[in-house]
Amino acid sequence: MKQKIEELIRQAVDSLKTEGVLGQDIVPQIIIERTRDAQHGDFASNLALVLAKPAKANPRQLAEKIIAALPEDAAIIKVELAGPGFINFFVNPNAHYQIIRRIHEQGPDFGLSRIGAGKKVQVEFVSANPTGPLHVGHGRGAAYGSVLADLLAAAGFTVHREYYVNDAGRQMDILATSIWLRYLEECGEVLPFPSNGYRGDYVRDIARDIHQSAGNDYRRPAVLVQEDMPADEPQGGDKEAHIDALIARAKTLLGFNLYRDFFQIGLNDILGDIKDDLHEFGVDYQQWFSERQLMDDGSVDKALAQLREGGHLYEKDGALWFASSQLGDEKDRVVVRENGQYTYFASDIAYHHNKLARGFDQIIDIWGADHHGYIPRVRAAIIALGADAEKLKVLLVQFATLYRGEEKVQMSTRSGEFVTLRQLRNEVGKDAARFFYVMRRSEQHMDFDLQLATSRTNENPVFYVQYAYARICSVLRQLDEKGGQRDIDLGMDNLPRLVESHELALLALLARYPEMLEKAALQYEPHQVVLYLRELATDFHTYYNAHAFLVDDAALRNARLNLVCAVKQVLANGLNLLNINTPEVM
RNA sequence: GCGCUUGUAGCUCAACCGGAUAGAGCACCAGCCUUCUAAGCUGGGGGUCGCAGGUUCGAGUCCUGCCAAGCGCGCCA
């Protein structure tokens with residue numbers, strides 16, 4: 001319908017051009033909007049307001065001329081000039097009913113679009129270090145990323161979901177060493193635990209498992225571990241130096257192969273847990289991309305070589321620097337340390353080099369908002385690698401604050417006392433967790449009320465939306481129990497019987513679903529889907545309360561049932577997109 | 001100090017990337033509960049869109065300055 005009106009206006013503009021009212025050089029961008037107020041008709045265009053200046057005309061007079069030049073069309077019953085120069089279009093009511101047929105015919109496909117034209121989009125999200133279980137902060141990134149990916153797929157993009165596994169680097173060594181020390185305790189060795197080690201219970205659990213399966217294969221005497229060890233922080237030493245020395249000691253005492261095995265067991269265990277966790281949360285990936293592989297196969301060297309060729313690298317103070325400040329970053333960044341090791345940033349450059357080489361049209365990175373300072377340097381790298389900076393889009397996700405009713409849930413990463421994603425899922429369930437996470441704009445700080453998420457009242461939006469679906473199922477069951485049957489054709493023939501304001505409002509809302517999806521995808525805003533579903537549920541519940549569906553009049557009854565089933569279909573399509581269940585009974 | 005993000009009803013948040021009278025839910029107030037699910041329903045009050053300028057037919061939305069909150073400013077990841 002939008003396209004139709006757009007076409008009508010285009011014709012009107014063309015004829016005004018030939019008449020000389022509008023200059024030939026004017027190329028209007030025709031914007032048709034759905035009106036918010038039914039008094040303003042169904043669609044409106046601000047064209048006259050926009051053209052007033054270049055055409056040097058009074059907007060209202062110009063609007064009148066445009067209206068006069070509009071070709072007749074059966075679908076439009078009235079065109080009105082309003083306000084400062086808006087052109088309002090009133091659509092033939094019969095056209096509104098078409099949406100019911102369309103939804104009925106397209107079913108689960110209703111709302112899908114081809115606007116993405118098959119363009120390849122990569123969405124990288126979560127990518128938490130595999131040094132421990134995911135916590136509730138990662139949960140939001142997981143929900144946001146997965147819904148965004150599905151949304152883009154629904155809009156016709158070819159989507160590649162990816163998790164970047166930081167399986168190299170110092171944090172992983174700290175983890176491996178932490179597990180080893182706990183393992184030695186399991187073996188019966190007595191030794192202090194480093195203040196900078198990973199203290200979570202999961203570390204002990206992994207250590208215990210290893211001890212059970214491998215026995216004392218990795219056991220070394222505590223004396224040798226402790227020998228000549230620099231002091232830890234509580235003893236007045238430097239905790240970083242202490243842990244680094246412990247890592248080195250572990251490598252020496254175990255030897256390369258055993259250390260690597262041990263490291264790998266820890267990594268596999270935690271990464272496996274993360275994969276299970278995400279899968280149960282309804283989040284799956286096409287690819288788990290290993291950082292270590294980049295290191296091992298020379299990709300980092302290759303990426304750096306390309307930067308060097310472009311003249312973006314230089315040496316200073318024994319380290320190798322990337323001149324990112326030339327490309328918008330606030331200062332230059334080290335890529336190879338004085339000790340010859342790559343920085344995390346170096347492998348990240350290589351990772352993005354790899355992404356570019358894979359030929360994605362758009363690369364989307366979803367990060368926690370605390371990483372925002374990292375954006376300029378990665379963008380600089382993209383440019384230095386010879387790509388268009390626009391190819392990379394970094395989307396930030398703010399942290400969520402957990403509440404139980406009024407009470408704030410305290411969290412502390414240091415002590416290892418954080419709420420894990422798994423705990424959250426156990427408490428509120430997958431559906432509520434996903435819904436709540438995606439309900440707010442991602443850049444918005446959000447309060448996540450655990451109590452509300454589990455309550456079975458209308459205050460709980462998940463409940464409210466799912467209940468709308470279940471309620472429709474219930475109506476259909478009622479029909480069945482009464483021995484009635486739907487006559488879809490009879491209903492379709494009698495759609496014009498739907499004249500109540502609630503019914504017209506629902507028709508308009510249903511018609512908006514495809515546009516809403518498209519917009520949500522292009523703007524990377526999954527929350528629009530949630531808001532839409534809430535609105536649809538609200539309008540449905542209101543309708544339900546105002547009018548009985550299972551009336552005696554068969555024509556009216558079937559017309560209403562067709563409308564209600566269209567609502568059911570759209571609720572299902574939206575909830576499926578969010579990967580949230582559609583319960584038939586509640 | 002510099003940078004990024006945020007600031008809208010008492011609270012939690014919207015506002016279709018400049019449009020018409022800024023909208024929901026909760027809370028509050030007033031009515032209603034013999035119904036296809038009361039796990040409520042209907043209606044109502046409530047706003048200097050952080051502050052001050054600017055841009056234009058039009059600004060919550062854009063630009064500038066200021067105020068406040070969160071986050072970030074390592075040869076950590």
Side-chain angles (χ1 to χ4, degrees), chain A residues 31 33-37 39-40 44-46 48-50 52-53 58-60 82-86 88 128-129 131 166 168-172 174 240 291 316-321 330-331 333-348 368-376 396 398-399 401 403 406 439-441 443-449 452 455-461 463-464 467 470-472 474-479 481-482 512 515-516 518-520 522-523 525 527-528 530-532 534-535 538 541-542 544-551 560-561 564 585-586:
Chain A
I31 296 169
E33 283 192 316
R34 264 178 206 283
T35 55
R36 300 179 197 196
D37 187 338
Q39 285 185 358
H40 299 139
S45 175
N46 61 352
L49 293 162
V50 177
K53 196 159 196 186
N58 174 301
R60 279 189 69 98
F86 288 100
N88 293 336
N129 282 352
T131 53
N166 294 119
R170 185 162 167 265
Q171 292 304 318
M172 284 306 297
I174 295 177
E240 305 290 349
E291 178 189 9
K316 194 182 86 179
D317 303 334
L320 189 64
W321 296 70
E330 55 180 315
K331 54 180 144 180
R333 309 289 173 180
V334 171
V335 287
V336 181
R337 292 197 280 261
E338 205 175 349
N339 64 10
Q341 289 204 309
Y342 295 125
T343 58
Y344 172 83
F345 181 45
S347 45
D348 227 12
D370 54 341
H371 286 69
H372 64 76
Y374 206 72
I375 299 174
L396 299 176
Q398 287 285 354
F399 206 78
T401 310
Y403 285 85
E406 296 289 305
M439 184 162 59
R440 305 296 183 212
R441 255 174 46 227
E443 319 91 89
Q444 187 73 245
H445 291 262
M446 73 175 247
D447 293 342
F448 191 138
D449 187 343
L452 179 62
S455 77
R456 297 173 63 79
T457 67
N458 289 356
E459 297 165 40
N460 180 356
F463 172 83
Y464 195 62
Y467 181 42
R471 206 168 212 184
I472 295 171
S474 167
V475 169
L476 295 175
R477 279 194 299 274
Q478 287 283 332
L479 177 71
E481 281 162 22
K482 287 181 182 174
R512 253 182 51 204
E515 300 161 25
M516 179 282 300
E518 224 169 65
K519 203 173 299 165
L522 295 178
Q523 296 181 180
E525 292 187 342
H527 77 276
Q528 291 190 26
V530 176
L531 294 175
Y532 174 89
R534 262 176 94 169
E535 205 178 333
T538 303
H541 285 304
T542 311
Y544 178 97
N545 286 313
H547 300 283
F549 307 151
L550 302 179
V551 292
R560 285 185 172 169
L561 286 172
V564 163
V585 184
M586 287 178 77

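Only a predicted model underlies this, so the values are computations on that prediction, with no experimental measurement involved. We name chains A, B, ... by the order of the sequence lines, and we start the count at 1 in each one.
- A tilted orientation is assigned to the rings of A/Tyr344 and A/Tyr374, their planes being inclined by 30° to 60°.
- For A/Asn88 against B/A20, a side-chain-to-base donor-acceptor contact under 3.5 Å is present.
- A/Glu240 is linked by a side-chain contact (heavy atoms from CB on, under 4.5 Å) to A/Arg170, A/Asn196, A/Asp238, counting only residues two or more places apart in sequence or in another chain.
- Checking the phosphate oxygens (OP1, OP2) of B/A20, no side-chain nitrogen or oxygen of A/Arg34 falls inside 4.0 Å.
- Rounded to an integer number of Å, the gap from NE2 of A/His547 to P of B/U35 is 19 Å.
- Remark: the separation of the P atoms in B/U6 and B/U61 is 13 Å, to the nearest Å.
- A/His40 is linked by a side chain to side chain donor-acceptor pair (under 3.5 Å) to nothing, counting only residues two or more places apart in sequence or in another chain.
- Here A/Ser347 pairs with A/Glu291 under the side chain to side chain donor-acceptor pair (under 3.5 Å) rule; sequence neighbours left out.
- In this structure, of B/A38, B/G19, B/C36, it is B/C36 that holds the atom nearest to the side chain of A/Phe549.
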#### Entry: Per-nucleotide protein contact string for nucleotides 23-28 of chain B (B base, S sugar-phosphate only, - none; heavy atom under 4.0 Å)
--SS--

### Message
Could you write out RNA chain B as dot-bracket? Rules: Watson-Crick or G-U wobble, both distances under 3.5 Å, brackets [ ] for crossings, | for pairs with another strand, dot for unpaired.
### Response
(((((((..((((.....[...)))).(((((.......))))).....(((((..]....))))))))))))....

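- Within 4.0 Å (heavy atoms only), A/Gln444 reaches sugar-phosphate atoms of the nucleic acid but no base atom.
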### Query
Which parts of nucleotides 70-77 of chain B does protein reach within less than 4.0 Å, heavy atoms only, written one letter per nucleotide 5' to 3' as B for base, S for sugar-phosphate only and - for none?
SBSSSBSB

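- Among the atoms of the strands shown, only primed sugar atoms or phosphate atoms (P, OP1, OP2) are found under 4.0 Å from some heavy atom of A/Leu531.
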